[in-house]
Protein chains: 2
Amino acid sequence: MTLNQNTFTGEFSYSLDAKGRVNIPAKFRNGLTDDNEQSFVITRGMDPCIWVYPVIIWQAIEDELRKLSSLSRLNRSFVRSTVRYASTVQYDKQGRIALTSNLIDYAELGKEALIIGMVNKIEIWNPTLLDAADQASKEIESSEFDELANQIIL
Amino acid sequence: MTLNQNTFTGEFSYSLDAKGRVNIPAKFRNGLTDDNEQSFVITRGMDPCIWVYPVIIWQAIEDELRKLSSLSRLNRSFVRSTVRYASTVQYDKQGRIALTSNLIDYAELGKEALIIGMVNKIEIWNPTLLDAADQASKEIESSEFDELANQIIL
DNA sequence: ATACATTGTGGGTAGTTGTGGGTAATAATC
DNA sequence: GATTATTACCCACAACTACCCACAATGTAT
């Protein structure tokens with residue numbers, strides 16, 4: 001089955017082990033192109049979660065960042081904040097990646113972890129925090145969602 | 001018979017088996033173009049039912065979502081809510097797809113399932129819930145239907 | 001009306017996937 | 001340099017999923 005490559009959808013409930021490892025769902029691993037060499041870049045998300053990019057996709061982001069002039073203070077600050085917590089990880093023979101303690105703290109991860117496909121990247125959430133985020137957005141966004149939904153035909 | 005491809009109409013009453021599989025009506029399978037590789041994307045409907053898209057149609061949606069920048073909180077939230085429950089499934093040699101327990105719960109499916117063609121997608125309903133939805137809409141919509149009917153030539 | 005093909009339903013089996021933990025190699029600390 | 005902590009690699013089990021075969025009911029053609 002040749003679907004879109006390096007593309008992720010769906011939600012999975014997995015667990016962090018004592019060593020801070022999480023499984024990458026088999027469906028996601030199988031969708032990875034070979035040039036990624038079983039590797040992802042993990043970094044802080046803009047929400048309180050961990051973002052996981054295929055290295056190939058991440059390289060494109062790096063290229064964009066490279067174009068931003070360091071003369072601007074805003075640019076420097078933006079580049080720093082996106083790159084600062086990023087590291088490359090390769091999954092082991094069981095399909096797991098090791099998260100850094102820094103990122104685990106940031107996303108407030110306990111034993112449970114929700115893994116969510118976000119098209120071009122993956123998010124790792126503390127289920128409780130995601131619920132809270134869902135609630136918060138539900139009230140605000142329903143009308144704005146309608147507007148977006150009008151642009152994209154479901 | 002060469003009707004419109006990837007297009008679905010009609011209602012079928014099928015059953016879920018113990019493993020959570022449903023048959024896709026033969027008429028729907030035969031209408032699928034080959035580039036779908038016998039596969040659909042299943043996800044939450046906006047009503048309490050399951051939406052089933054031919055992968056080709058879904059890929060167009062994904063491409064739209066990919067264009068939305070993750071810098072906007074609204075966009076992140078929108079992408080997450082659309083993609084979160086979506087997964088690709090391929091039907092087996094008997095023409096069945098396996099539903100996820102998540103979606104079965106959401107649509108409150110028991111043994112009976114109503115499968116309804118919705119032109120560019122398919123809906124899977126709990127018959128009881130569909131009756132209820134029918135009742136609820138009957139009262140409200142008849143006048144609004146008239147308005148829509150003026151835009152679309154039947 | 002009969003024979004044949006197709007379609008829907010059920011279940012068994014083998015392979016895959018998630019999870020836990022053990023051991024060796026590397027790095028950090030005193 | 002010795003000891004401890006951390007990281008990477010390997011193996012093992014249990015749960016789940018995908019694949020296969022079988023049968024019954026329905027529809028179609030001769």
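Side chains are part of it too, since the values below use all heavy atoms of this structure and drop only hydrogens, waters and symmetry mates. A note on names: the letters A, B, ... follow the listed sequences, proteins ahead of strands, and every chain is numbered from 1.
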Nearest whole angstrom, please: distance from the P of dA8(D) to the CG of L99(A).
12 Å

Looking at the base of dG21(C), is there any donor atom on it, or on the side chain of R21(A), that sits under 3.5 Å from an acceptor on the other one?
yes

Taking N30(B) for the side chain and A26(B) for the main chain, is one N or O donor matched with an acceptor at less than 3.5 Å?
yes

Within the side chain of S72(A), is there an N or O that forms a donor-acceptor pair under 3.5 Å with the backbone of S70(A)?
no

D105(B)/R44(B) salt bridge by N-O under 4.0 Å criterion:
no

Given the options R29(A), R96(A), Q94(A), N23(A) meets side-chain hydrogen bond (donor to acceptor under 3.5 Å, both in side chains) only with R29(A)

Grab the CG-P distance between L16(B) and dT9(C) for me, whole Å please.
10 Å

Expressed in angstrom and rounded to an integer, what is the separation of K19(B) atom NZ from dG10(C) atom C1'?
8 Å

Between P of dC19(D) and CD of Q38(B), the distance in whole Å
12 Å

State the CG-CE distance between N75(B) and M46(A), to the nearest 0.5 angstrom.
11.0 Å

Take the protein atom CD1 of I115(A) and the nucleotide atom C1' of dT19(C), then report the distance between them rounded to whole Å.
13 Å

Are OP1 or OP2 of dT17(C) and a side-chain N or O of N30(A) less than 4.0 angstrom apart?
yes

Are OP1 or OP2 of dG20(C) and a side-chain N or O of K111(A) less than 4.0 angstrom apart?
yes

For atom CD1 of I97(A) and atom P of dT7(D), their distance in whole Å
14 Å

In whole Å, what is the span from the CD1 atom of I24(B) to the P atom of dT7(C)?
14 Å

Closest nucleotide of DNA chain C for F12(B) versus for D92(B): which of these residues is on the 5' side?
F12(B)

Which of the following nucleotides, dC21(D), dT7(C), dG18(C), is nearest to the side chain of R96(B)?
dC21(D)

S15(A) side chain near dG20(C) phosphate (N/O to OP1/OP2, under 4.0 Å)
yes

Calculate the interatomic distance between Q94(B) atom CD and dA24(D) atom P; express it in whole Å.
16 Å

Side chain of Y14(A) - closest among dT17(C), dG10(C), dC10(D):
dT17(C)

Whichever of A98(A) and K27(A) has the more 5' nearest nucleotide on DNA chain D, that residue is A98(A)

